[in-house]
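Presented below is the structure to which this report refers.
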Amino acid sequence: FGWSDHSSLLAQKSRIHHSNHGISSSRHQNVLRSSSLSEAQDVRQDHQQQQHPHSKLWSTTLENSKCYVNPSIELAVRPPSEGGTGIVAVVDIPADTVVMCLPLEEVGMVDAASILDLYNEEEGRDEVLTLLKDMWNRKELATSEGNSEDGKRLAIFAGIIAHLQLTRYKDMKSNTSGEGVSSYALNQSRRLALFLDAMPLLPQRDDNINSRTHPFPTHYLYWTDDEIQILLRGTIGQTKAREVRAGIGLVVREWSSSFLEEHFNNGDITQTQILNAIFSAFTAVLSRSFGDSAGRDLNGKGRMLVPLVDMLNHDGEDPNVRWTWHVGGDDENGIEDGKGDIVVTTLSEVKTGKELFKCYGWRPSWDVASSYGFVPRLSSQRWECSAIPLFPAELDLAPDSIATPNQKANHETTLDLSLESNYAPLLKSIVDAVETVNEFKDRQAIDYAIAKNETTNKKNIDRPKQLDRLQLVSLFQPPPKSTAKKYPFLRRQPCVVIGTKIQISLSDENDHYHCDAINSVLPAFRAAASAISQLRNNHQRFGNANTSQIVASQMTMAAGDSDWDVPARQLIMEGISDRIQNLVDDGTNAKAWLAKQNDATGMTDRNGEHGRFRADMASDVREAELKVLRVLLKELLNGKR
Ligand SMILES: C[S@@+](CC[C@H](N)C(=O)[O-])C[C@H]1O[C@@H](n2cnc3c(N)ncnc32)[C@H](O)[C@@H]1O
């Protein structure tokens with residue numbers, strides 16, 4: 001579900017095609033309208049005496065003499081519209097100050113591997129943990145760059161959190177704390193009780209009845225189907241939202257019998273609550289878990305959740321704190337065992353009343369939105385991405401000749417390049433061609449550095465490394481006219497991700513980043529231009545345009561040859577212009593739809609407010625893409641002059 005998932009259009013396509021609509025709307029609505037949660041709230045009221053679970057976790061940690069929390073910081077519990085809970089400075093804090101030092105074992109850090117490692121079926125079988133352990137050990141089919149492995153681990157982690165949370169709910173409801181049959185899951189849920197309560201799981205008690213909806217109103221799992229289809233139309237955000245919803249929908253289906261066996265069959269819990277807990281756990285893991293910035297993620301076992309540190313909000317442009325993982329001496333093994341301290345240090349002075357922000361890592365807006373349920377505000381400048389279609393959705397095969405009326409009527413002179421059967425072979429050749437060119441370039445750079453006795457030197461040192469390899473994503477498109485009757489469904493249009501540094505000011509000081517951005521995608525578009533030229537030649541000579549007749553080696557040659565720059569830049573320019581137009585039109589339609597909704601419902605209650613958050617988020621996703629496309633189009637037009 002992370003950034004790395006974007007690269008593998010080829011690997012993901014079959015999965016997505018089967019589940020275009022994501023989580024079925026009726027099931028989804030059930031979750032949103034669930035009213036059977038008041039019992040859970042009542043139980044919580046008794047146990048927590050109305051204290052916010054974040055505050056409770058905070059004060060309990062402060063009481064632990066082995067945990068250090070600098071008295072200069074305080075917790076700020078706020079509504080989601082204000083970023084939710086955060087941590088603020090109560091006095092001026094100088095740079096390089098340790099504000100937290102939390103021993104992982106003391107704070108109840110959670111990761112999937114440790115929970116599964118300690119689970120022993122022979123001491124009491126647990127259907128959910130058995131299922132998750134099997135999944136953990138299952139070798140995934142080899143896909144590029146281990147994407148599905150990351151997604152799988154994240155899902156298992158969510159499964160564990162949901163299971164422990166449901167176990168805790170039953171434990172609290174039965175009101176027999178410490179008595180009766182104990183199980184591994186029960187013991188773990190008691191050990192992690194405070195932290196489990198502090199995640200965005202079952203709704204918390206609130207005096208306002210309207211707020212008894214999900215506590216994470218902007219996460220894509222809680223959008224309605226209409227919101228996904230209309231508010232996000234035309235954006236890469238829509239593709240991500242559909243992927244997240246479809247992926248989780250499939251996982252939930254796979255898990256349902258084990259969860260029902262463990263929780264529903266034993267009574268006490270409704271199916272809706274089970275589903276609700278699973279969705280909530282996914283939002284918790286997607287929005288709060290993290291790995292080690294040094295690349296150490298519990299010996300490659302996955303991600304972790306760390307209380308208190310997960311209350312720090314994100315600033316990707318100017319973070320004022322960072323966290324590090326300290327183990328005693330050189331004891332790197334401590335990290336593998338999840339031991340050591342998490343230390344949060346200020347990077348710059350934090351003035352009284354200001355919030356502490358860490359950077360969650362660079363990701364484009366559409367990706368931040370799909371994990372974290374918000375889009376960062378652009379304050380000064382930051383790296384951002386959009387995507388450009390590799391080919392026009394409908395290719396004119398005879399652009400210079402006049403087609404006969406008969407040919408036109410039969411669509412003989414066009415090719416639908418958003419049909420998978422047509423684009424898939426071309427896409428594979430483009431990926432291969434770009435890889436060949438990149439390998440060649442890397443070798444040349446190394447040879448050059450050796451000859452000059454230098455180390456290889458990357459020009460834009462702050463350019464995110466994800467942008468240095470070919471990234472493919474796809475957009476959902478309505479069918480082109482030529483095939484709309486025969487195949488009326490939405491289909492995917494393959495795109496290349498392009499990223500540059502956008503800024504809030506109107507000056508052009510980032511021109512060189514835009515120029516680099518275009519250069520970095522040129523090989524893919526040169527190969528695409530070669531494919532298009534071959535298709536047109538074949539059509540002219542043989543009267544057909546079968547994509548299987550394309551010569552891949554010609555595309556590879558073109559990918560590395562600047563002679564192809566003119567048609568490649570033309571393709572990029574047309575793709576960008578087309579996208580800008582569509583994004584603007586779809587944005588206007590989204591606004592009109594929203595206005596209609598507002599008129600119909602008044603949008604005054606909490607659901608209306610949450611709807612507005614989602615609409616704002618959709619608009620931010622759209623604007624971020626538009627900003628990138630506009631600066632790149634300007635750069636291309638300047639380059640032409
Ligand atoms: C790791 S948690 C941080 C604590 C969180 N605010 C809470 O209430 O528990 C990450 C979530 O905080 C919110 N968040 C973080 N940074 C934000 C920001 N700059 N603006 C708005 N929301 C933010 C998002 O909902 C995100 O998914």
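All of these numbers come straight from a predicted model, not from anything done at the bench. Read the numbers this way: they start at 1 and go in the same order the structure lists the ligands and their atoms.
For K627, the side-chain contact (heavy atoms from CB on, under 4.5 Å) test picks out L378, I502, with sequence neighbours left out.
Side chain to side chain, T224 and D226 fail the donor-acceptor criterion of an N or O pair below 3.5 Å. Side-chain atoms of S371 and R363 form a donor-acceptor pair, as typed in the model, at a separation below 3.5 Å.
Contact check on D197 versus K56 returns no salt bridge, with no Lys/Arg side-chain nitrogen under 4.0 Å from an Asp/Glu carboxylate oxygen. With respect to the salt-bridge test (charged N to carboxylate O, under 4.0 angstrom), the residues R245 and D225 qualify. Between E609 and R612, no side-chain nitrogen of the basic residue sits less than 4.0 Å from a carboxylate oxygen of the acidic one, so the salt-bridge criterion is not met.
Protein neighbours of ligand 1 below 4.0 Å, counting non-hydrogen atoms: H54, G83, G84, T85, F216, S287, R288, D310, M311, L312, N313, H314, Y360, Y372, F374.
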